[in-house]
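See below for the structure under consideration.
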Amino acid sequence: QEANDFFRLFLTSYPSSDFPVSILQNAIKMTNEPPKGLRANLLRSFASNPIDDEEFFETCAPSRSDEFKRLAFGLGVFHAVVQERRSYGPLGWNIPYEFNESDFRISARQLRMFLEESEGQELPFSALLYTIGECNYGGRVTDDVDRITLRELLRLYLNEAVASQDDREVAPGFHAIPPGPHPAYIQAISKMPAIAQPEVFGLHANADLFKARAETNALFESALATQPRSQSGGSRSAEEIAKDLASSILSKLPGSFDLDSAREKYPVSYEESLNAFLVQELERFNELTHVVRESLIGLQKATQGQVVMSDELEALFNAVLDGRVPGLWMAKSYPSLKHLAGYVSDLFDRLSFFSTWVKDGIPPTVWYSGLFFVSGFNTCLLQNYSRQHRVPIDLVSFSFRVLERTEPVPIAPSDGAVIHGLFIEGARWNDDIQMLDESLPKVLVEPAPRLHLCPAQSSAENPAPSQLGFNCPLYRTGERRGVLSTTGRSTNFVLFVSLPANQVAAHWVRRGVALLTSLQND
């Protein structure tokens, strides 16, 4: 049919001030979302350009034809896997990237081009891994850990075994398709399982529980947002509930730390950088507790009609009723995903920990999760070692020793620190073999063993111990992502911890294993 004379098509990938907003508001909006499921993703990839073009798919160089078809199928599986991992939250990707068909399209064309240009030579996997993993798909990735994950996933589907073997399992329950005509691929893909297990995407079976929990939390948060604030009948009013909660928190909130006495007891010292760190931590907690105290006092007065309920106090009022941590507090707070009750309890525990530190000196084992600025603590440990041993600090890095559960630590070590309070997500620590092991069924997160952060000098001949073994990323919260800092890493990221493991590092990378200092509700 011919188009109407008044039909107009306006295409742009950027906002345009020339396009009337009123037309946009009244127009029909269309989006092109990727299909859900590995089978649906593969069908879409093989039924779209350029794979669906018979000339493109069938006319690769004769000596490379079968290899091209095997690798094209592996590329299709990779494209489906990177998209499906987004539904598993931080276990899949720290940041949910918008991979799309254009990434697959250009990668498929480059795959054929490299294979034809290298005819008679070895397969150019290094070039393919770079162009596809670092440029096409990797160009969207901004997180360093996600970049490592993407690289390991791509190596799984673009390698010599995939290019040369027909009867192999590319993923649990999904077998490679022998080279043949394009319709045979469509037919074989259609017979694949409709629902893929998390193991297909490199994750543990427990990942389904993470996914279900996230969906449930989103549902409850939406339901909570629709609840009325006023109560009828004999139940207490919202103002009374908020006032009582504020009174309860204020009655348990301890006073501010005495900074003058702390500075006198722990003066700035060249030999002990942790003195300055301790005083700075006390200052940060004083600022936080001051905001908490003053805002709750203001809320009490507002609910009693003594002061006007400002926008700030109203936001505090709604957060307290919903059991959320107010944004006013989070602006001065350490990162946390806890609800209000868990956050308040955690805050009191942190204040108690630092009160003990001020009173008795640095503890034998440091509650790492209770620190406000963990990166500052790490830097102080490196500085102490550097100054004590007269080694440039840029040549000093951490080595890591896992302590057994029953190993006593009567005093703080002379170099570094023994830390506790971490959690392992995506795996568990097996005390029997003293290695990282697969998670137990339906156990999402487990406490991590104590670690000795021991500074050590590194050189070209003696690389940093942190470069050996599985380098497990350590994050402040289970959200994992944060703001991209000037170091090129997320503000949520702390450091890589080298852990012994019973499988190769790539396995744990694909599992999404990480150490956390804090859980959402623990």
Side-chain angles (χ1 to χ4, degrees), residues 262-263 265-285 334-335 350 353-354 356-404 407-423 448-459 462-469 471-476 485-487 489-500 514-518:
R263 291 190 184 98
K265 187 175 182 179
Y266 299 95
V268 176
S269 170
Y270 181 83
E271 292 77 16
E272 185 52 84
S273 300
L274 286 176
N275 287 358
F277 169 78
L278 173 61
V279 174
Q280 292 171 0
E281 288 286 279
L282 300 182
E283 291 176 348
R284 295 186 184 98
F285 277 106
Y334 45 86
R350 292 173 187 249
F353 168 73
F354 277 98
T356 304
W357 187 341
V358 172
K359 179 182 177 183
D360 303 329
I362 184 169
T365 64
V366 176
W367 183 32
Y368 204 68
S369 302
L371 303 179
F372 206 115
F373 185 43
V374 292
S375 297
F377 178 79
N378 296 340
T379 302
C380 288
L381 297 181
L382 297 176
Q383 281 182 341
N384 284 346
Y385 181 90
S386 172
R387 293 169 178 175
Q388 181 179 352
H389 298 274
R390 299 185 179 279
V391 177
I393 193 170
D394 54 350
L395 294 180
V396 180
S397 59
F398 283 116
S399 63
F400 304 92
R401 185 175 74 87
V402 180
L403 277 66
E404 294 187 11
E407 183 176 343
V409 184
I411 60 173
S414 57
D415 287 332
V418 176
I419 63 172
H420 69 277
L422 302 183
F423 303 89
R450 293 169 299 168
L451 293 172
H452 182 192
L453 302 185
C454 185
Q457 184 177 359
S458 59
S459 63
N462 180 29
S466 60
Q467 296 174 357
L468 308 175
N471 287 333
C472 184
L474 171 61
Y475 297 97
R476 301 294 305 275
S485 64
T486 54
T487 62
R489 299 190 188 278
S490 164
T491 52
N492 205 340
F493 175 83
V494 180
L495 79 168
F496 285 104
V497 178
S498 182
L499 295 174
L515 288 168
L516 309 175
T517 65
S518 175

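Pro413 and Pro364 make their closest contact through CD-O, 4.1 Å (heavy atoms, listed as atom of the first residue, atom of the second, distance). Across all their heavy atoms, Phe353 and Pro363 have their closest contact at CE1-CG, 3.9 Å. Nearest heavy-atom pair across Pro455 and Asp415 is CD-C, 4.0 Å. Heavy-atom minimum distance, Leu515 versus Ala448: CD2-CB, 3.9 Å.
Of the inter-residue distances, the one linking Ser369 atom OG with His420 atom NE2 reads 7.5 Å to the nearest 0.5 angstrom. To the nearest 0.5 Å, the span separating CG on Leu382 from CZ on Phe377 amounts to 10.5 Å. For the atom pair Ile419 CD1 and Leu451 CG, the distance stands at 5.0 Å (nearest 0.5 Å). For the atom pair OG1 of Thr379 and CZ of Phe277, the computed distance is 9.5 Å after rounding to the nearest 0.5 Å. Here the OG1 atom belonging to Thr517 is positioned 10.0 Å from the CH2 atom belonging to Trp367, to the nearest 0.5 angstrom. Once rounded to the nearest 0.5 Å, the distance linking SG of Cys454 with OH of Tyr385 reads 7.0 Å.
Without hydrogens or angle criteria, Lys359 side chain to Phe354 main chain gives no donor-acceptor distance under 3.5 Å. Asn275 places no side-chain N or O within 3.5 Å of a backbone atom of Ser269 that could act as its donor or acceptor partner. A side-chain donor-acceptor contact under 3.5 Å links Tyr266 to the backbone of Val358. Of the possible donor and acceptor atoms, one in the side chain of Ser386 sits under 3.5 Å from a partner among the backbone N and O of Val391. At least one donor-acceptor pair under 3.5 Å links the side chain of Arg450 to the backbone N or O of Glu407.
Counting heavy atoms from C-beta on, the side chains of Leu453 and Phe400 come closer than 4.5 Å. Side-chain contact between Trp357 and Ile362 is present, with heavy atoms from C-beta onward closer than 4.5 Å. In this structure, Leu371 and Tyr368 have side chains that are in contact, with non-hydrogen atoms separated by less than 4.5 Å. Taking the side chain as every heavy atom from C-beta outward, Val366 and Val418 never approach each other to under 4.5 Å. By the 4.5 Å heavy-atom criterion applied to side chains, Val497 and Phe398 are not counted as neighbours. A 4.5 Å side-chain heavy-atom check between Arg401 and Leu403 finds at least one atom pair inside the cut-off.
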Could you walk me through whether Arg387 and Tyr270 pass the side chain to side chain contact (heavy atoms under 4.5 Å, CB included) test, one step at a time? CA-CA 8 Å; Arg387 293 169 178 175; Tyr270 181 83; 3.6 Å; yes
Could you check Phe373 against Ser375 for side chain to side chain contact (heavy atoms under 4.5 Å, CB included), going step by step and ending with a plain yes or no? CA-CA 6 Å; Phe373 185 43; Ser375 297; 4.0 Å; yes
Could you go through Leu499 and Val402, starting from their C-alpha distance and side-chain angles, then the distance that decides it, and tell me whether this counts as side chain to side chain contact (heavy atoms under 4.5 Å, CB included)? CA-CA 8 Å; Leu499 295 174; Val402 180; 3.9 Å; yes
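In this pair, Tyr334 and Phe285 present their aromatic rings tilted. The plane angle is within the 30 to 60° band.
For the residue pair Asn384/Glu272, the side-chain donor-acceptor check at 3.5 Å is satisfied.
With respect to the salt-bridge test (charged N to carboxylate O, under 4.0 angstrom), the residues Arg350 and Glu281 do not qualify.
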